[in-house]
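Read through the structure below, which is laid out as structure tokens, and then see the notes.
These numbers were taken from a predicted model, which means no experiment stands behind them. Letters A, B, ... are given to chains in the order of the sequence lines, protein chains preceding strands, and every chain is numbered from 1. Keep in mind that the numbers below use all heavy atoms, side chains included, and drop hydrogens, waters and symmetry copies.
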There are 2 protein chains.
Amino acid sequence: MSGLLERLRGRGWRMTSQRRVVAEVLDGDHVHLTADEVHARAVRRLPEISRATVYNALGELVALGEVVEVSTDGRARRYDPNAHRAHQHLVCSGCGTIRDVHPTGDPLAALPAEERFGFTVDTADVTYRGLCPACAPR
Amino acid sequence: MSGLLERLRGRGWRMTSQRRVVAEVLDGDHVHLTADEVHARAVRRLPEISRATVYNALGELVALGEVVEVSTDGRARRYDPNAHRAHQHLVCSGCGTIRDVHPTGDPLAALPAEERFGFTVDTADVTYRGLCPACAPR
DNA sequence: TCTTGACTTGGATTCTGTCCATTGTAGGAT
DNA sequence: ATCCTACAATGGACAGAATCCAAGTCAAGA
């Protein structure tokens, strides 16, 4: 339990039943749901919640820095609530499963100044791809 | 000139005027076009070419490994023909400009065995993000 | 030249995400 | 406890990206 709701309350995020449900659905480790998946789960608890509200809430959580957007496949964006601990993602090319992983070292350090072209680089998102044990060929 | 067309011919890719135009549009360095941009440029040379054909051709080029899909922003996928030379991408958070960059070392090496969870990991895609000189604050 | 399997077409469809005017409500003020 | 009001939720319309499909066309080998 990572206390997402408590943090949000502490930051003065106006709480509504809809927002609470979205935050509850997202809370946890190795969670990488699409907006539609979040909506589907939220509907179980609050049948009338609309898709627009879910999109709004997710957008704000991202703006607050409590959730990060992940786009590993060019399809639907996924939402990762584990924003307070730096990590990268390992994706199975077969089934699409996503795992949080922790590489050694700082990926930013691998980009030398002469490869920065005057940019002020501040993040490096790494997606490792391969086959999970279940999808590996015999 | 990277010889994309020659390679495709050599691999027995059935050539049509549509496929030739798509390959010609994509060929080059620092090319990161969306499917719609490819279509727009293809139309200049071959006015009747359809969107579906462009999508088909791009999908096959990706399957052949001659082009890689890049999804840096959760919006439209982009197509990068520079697949034969390992590189990563530096994206401006302001204007969306993309540059090919070459980090030092092998990003795969940073993921220790105990962080692979039995996956057979074969690629690491790195997206560096920051602001380009034109978008940097005063 | 003929034949055939592969390719192209464009319109329909699905999926993802945004917008907006209206209605509802959380939470501070009284 | 009640009232206010700024902020939030709603849902239907809309837009963008990508896929699907049945019918027509064509590249390339025989």
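The aromatic rings of His102(B) and His87(B) sit tilted relative to each other, their planes meeting at an angle between 30° and 60°.
Among Arg77(B), Arg51(B), Arg78(B), the single residue meeting the salt bridge (charged side-chain N to carboxylate O under 4.0 Å, His left out) criterion with Asp36(B) is Arg51(B). When each of Leu61(A), Val62(A), Val70(A), Leu33(A) is tested with Tyr79(A) by the rule side chain to side chain contact (heavy atoms under 4.5 Å, CB included), just one qualifies, namely Val62(A). Considering Thr72(B), Asp125(B), Thr127(B), Asp80(B) as possible partners of His89(B), the one that fulfils the side chain to side chain donor-acceptor pair (under 3.5 Å) test is Asp80(B).
Side-chain atoms of Glu66(B) never come within 3.5 Å of backbone atoms of Glu60(B) as a donor-acceptor pair (strictly under, hydrogens ignored). A donor-acceptor contact shorter than 3.5 Å links the side chain of Gln88(A) to the backbone of Ala124(A).
The distance from atom CD of Glu37(A) to atom P of dG17(C) is 11 Å, rounded to the nearest whole Å. As a whole-Å value, the separation of Leu58(A) CG from dA8(D) P is 15 Å. Taking atom CG of Asp36(B) as the reference point, atom P of dA15(D) lies 15 Å away to the nearest angstrom. Atom P of nucleotide dG12(D) and atom CD of Glu48(A) are separated by 13 Å, given to the nearest angstrom. Rounding to whole angstrom units, CZ of residue Arg77(B) and P of dC15(C) are separated by 14 Å.
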* Asked: Where along nucleotides 20-30 of chain D does protein come under 4.0 Å, by heavy atom, of base (B) or sugar-phosphate alone (S), with - for untouched nucleotides?
  -> B-----BBS--
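Backbone-only contact: Arg19(B) has heavy atoms under 4.0 Å from sugar-phosphate atoms and none from a base.
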* Begin with the C-alpha distance, continue with both residues' side-chain angles, and end with the deciding distance and a verdict on side chain to side chain contact (heavy atoms under 4.5 Å, CB included) for Leu5(A) and Asp27(A). => CA-CA 8 Å; Leu5(A) 269 166; Asp27(A) 205 358; 5.8 Å; no
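Listed here is the closest heavy atom pair of Leu64(A) and Leu8(A): CD1-CD2, 3.9 Å. Residues Ala23(A) and Leu4(A) approach most closely at O-CD2, 3.7 Å, considering heavy atoms.
Of the two residues contacting DNA chain C, namely Ser50(B) and Arg78(A), the nearest-nucleotide position lying further toward the 5' end is that of Ser50(B).
In the region residues 61-69 of chain B, proximity to DNA chain C at under 4.0 angstrom, judged on heavy atoms, holds for none of the residues.
Of the side-chain N and O atoms in Tyr55(A), one or more sit less than 4.0 angstrom from OP1 or OP2 of dG17(C).
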